[in-house]
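Sequence lines set the chain letters: A, B, ... in the order given, protein chains first and strands last, and positions in each chain run from 1.
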Protein chains: 2
Amino acid sequence: MSVYKKISIAVIKRLPRYYRYLSDLLKLGITRISSKELSIRMGITASQIRQDLNCFGGFGQQGYGYNVEYLHNEIGNILGVNDKFGYIIIGAGNMGQALANYTNFEKRGFILKGVFDVSSDLIGQKINGHEVIDLNNLETFLKSNKVDIAMLCVPYDQTPIVADRVARLGIKGLWNFSPMDLKIPHDVIIENVHLSDSLMVLGYKLNEKLKNSQ
Amino acid sequence: MSVYKKISIAVIKRLPRYYRYLSDLLKLGITRISSKELSIRMGITASQIRQDLNCFGGFGQQGYGYNVEYLHNEIGNILGVNDKFGYIIIGAGNMGQALANYTNFEKRGFILKGVFDVSSDLIGQKINGHEVIDLNNLETFLKSNKVDIAMLCVPYDQTPIVADRVARLGIKGLWNFSPMDLKIPHDVIIENVHLSDSLMVLGYKLNEKLKNSQ
DNA sequence: TAGATTGTTAATCGATTAACAATC
DNA sequence: TAGATTGTTAATCGATTAACAATC
């Protein structure tokens, strides 16, 4: 086994943010940046930036800082933006349609392969160039299409059922939009987007602010 | 000033999750639970549960555990589910419409007051019982409606402009769906939902798994 | 009462920040 | 070269876990 240093999830979660800031710098035509300058822009410490980056390698140069384009590429590689994951969307309601129209995902290496639903009102309709497919045809579809990720935008009670079904069909990653913690007994990576959790945290913070300003 | 212990954001972020699990227990008709039993269900330590809860008060009873309904209510109060925040949605595209149809928010104390857009195709259309209002009428609307939170579902380049505008109109909280970190110079609480960041973390984890299984 | 389980203090672990030698 | 800034080690801080006395 190779010498393997486990990268903490705290670091991983900051990578997309670095990537965004570096994209912005590129657009601004800024070619080099120091950890100090970036720390001011991002509102974190320069120390943390250097520590984070050095988990993956020495991307900078003493006395100079970091080359923006190079660092942007390196972080892109770490995040796998060139790796091309295929994904499907299950559930073509508003959330599913919103995701199907997110063009940003493709820039980051995620390719939409199909959109599925059970409703005959939706099946056959075109969403962002993709005809909604009958969920009954999922098995057939997955036999002839390389799909790594399923985004689950189905009703609450359907979520665990659909999750289990796609996991058995070889899907390796799930992006879950239902307000539940999926526990499926397969070797699948799950990333939850708990919107109402996020909103409740906002509500808590608002209440705190109101209390303190009284 | 009162003796005030600052609650860490790590604890706050776990509260909605406790709330969900307790709701589930209630639905299952379970009336009491120990930190041990809950820890198994949630996949965290019993110690952490007790520590978290004791930031806010002693909700349990030695030898017995926690009364599910009581604890559910207490956490609900901490999160302010009875406090009734008014919110508006700005941008009635797919994401805005998806949010307008989320009935869960109301159960948690968030009341939809209005949906806004600039597109004449959308203005006047009904979404979940709310007629889409011309964004030009925002100022007038806010004069006669108590609104605490704005959910921003507008295009990338419009986001900071709209954020600034609503902040000046007295909105206290922003729920931001654009892939940028809002920096507005007002006393406003911002909660970001960076969907592509979340997806990229999923992509990273998938790559790691593939590497390790080779 | 005896058993169970909390509330809370103490120990450990991990993440962030500070400091500085290395070096461009 | 002198100045700037990284890479990296050490110190600090905060969060999680363990332990146990208190008590229902």
Atom pair distance, as rounded to whole Å: [atom1] in [X] and [atom2] in [N]:
X	N	atom1	atom2	answer
B:Q62	C:dG7	CD	C1'	6 Å
A:Y64	D:dG7	OH	P	13 Å
B:N54	C:dT8	CG	C1'	7 Å
A:I33	D:dT5	CD1	P	11 Å
B:I9	C:dT16	CD1	P	14 Å
B:N67	C:dT5	CG	P	15 Å

Options [options], nucleotide nearest the side-chain atoms of [X]:
X	options	answer
A:S47	C:dA18, D:dG7, D:dT16	C:dA18
B:Q51	C:dC24, C:dC20, D:dA18	D:dA18
A:A10	D:dA22, C:dC24, C:dT16	C:dT16
A:Q48	D:dC24, C:dT5, C:dT17	C:dT17
B:R50	C:dT23, C:dT5, D:dC20	D:dC20
A:Y66	D:dT6, C:dT9, C:dT5	D:dT6

Check against ring pair (Phe, Tyr, Trp, His ring centres under 6.0 Å), B:W175 and B:F110: CA-CA 12 Å; B:W175 209 27; B:F110 300 91; 8.1 Å; no
Base partner of C:dA10, which must satisfy Watson-Crick or wobble distances under 3.5 Å: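 Result: D:dT17.
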Watson-Crick or G-U counterpart of D:dC24, or none if no pair lies under 3.5 Å: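 Paired with C:dG3.
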Side-chain H-bond candidate by donor/acceptor type, B:Y18 with B:D52, under 3.5 Å: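 On atom types as modelled, these side chains qualify, holding a pair under 3.5 Å.
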Side-chain donor-acceptor contact under 3.5 Å, A:Y21 with B:D181: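 A donor-acceptor contact under 3.5 Å links the two side chains.
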D:dT17 phosphate, OP1 or OP2, under 4.0 Å from B:T45 side-chain N/O: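 So the side chain of B:T45 is within the cut-off, an N or O lying under 4.0 Å from OP1 or OP2 of D:dT17.
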Any A:R32 side-chain N or O less than 4.0 Å from OP1/OP2 of C:dC24: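 False: A:R32 side-chain N/O out of range (4.0 Å or more) of C:dC24 OP1/OP2.
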Spatial distance of atom CG (B:D197) from atom CZ (A:R17) [nearest 0.5 Å]: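 CZ of A:R17 is found 9.0 Å from CG of B:D197.
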Main-chain N/O of B:N94 paired with A:Q97 side-chain donor or acceptor, under 3.5 Å: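 Between the backbone of B:N94 and the side chain of A:Q97 there is no qualifying donor-acceptor contact (under 3.5 Å).
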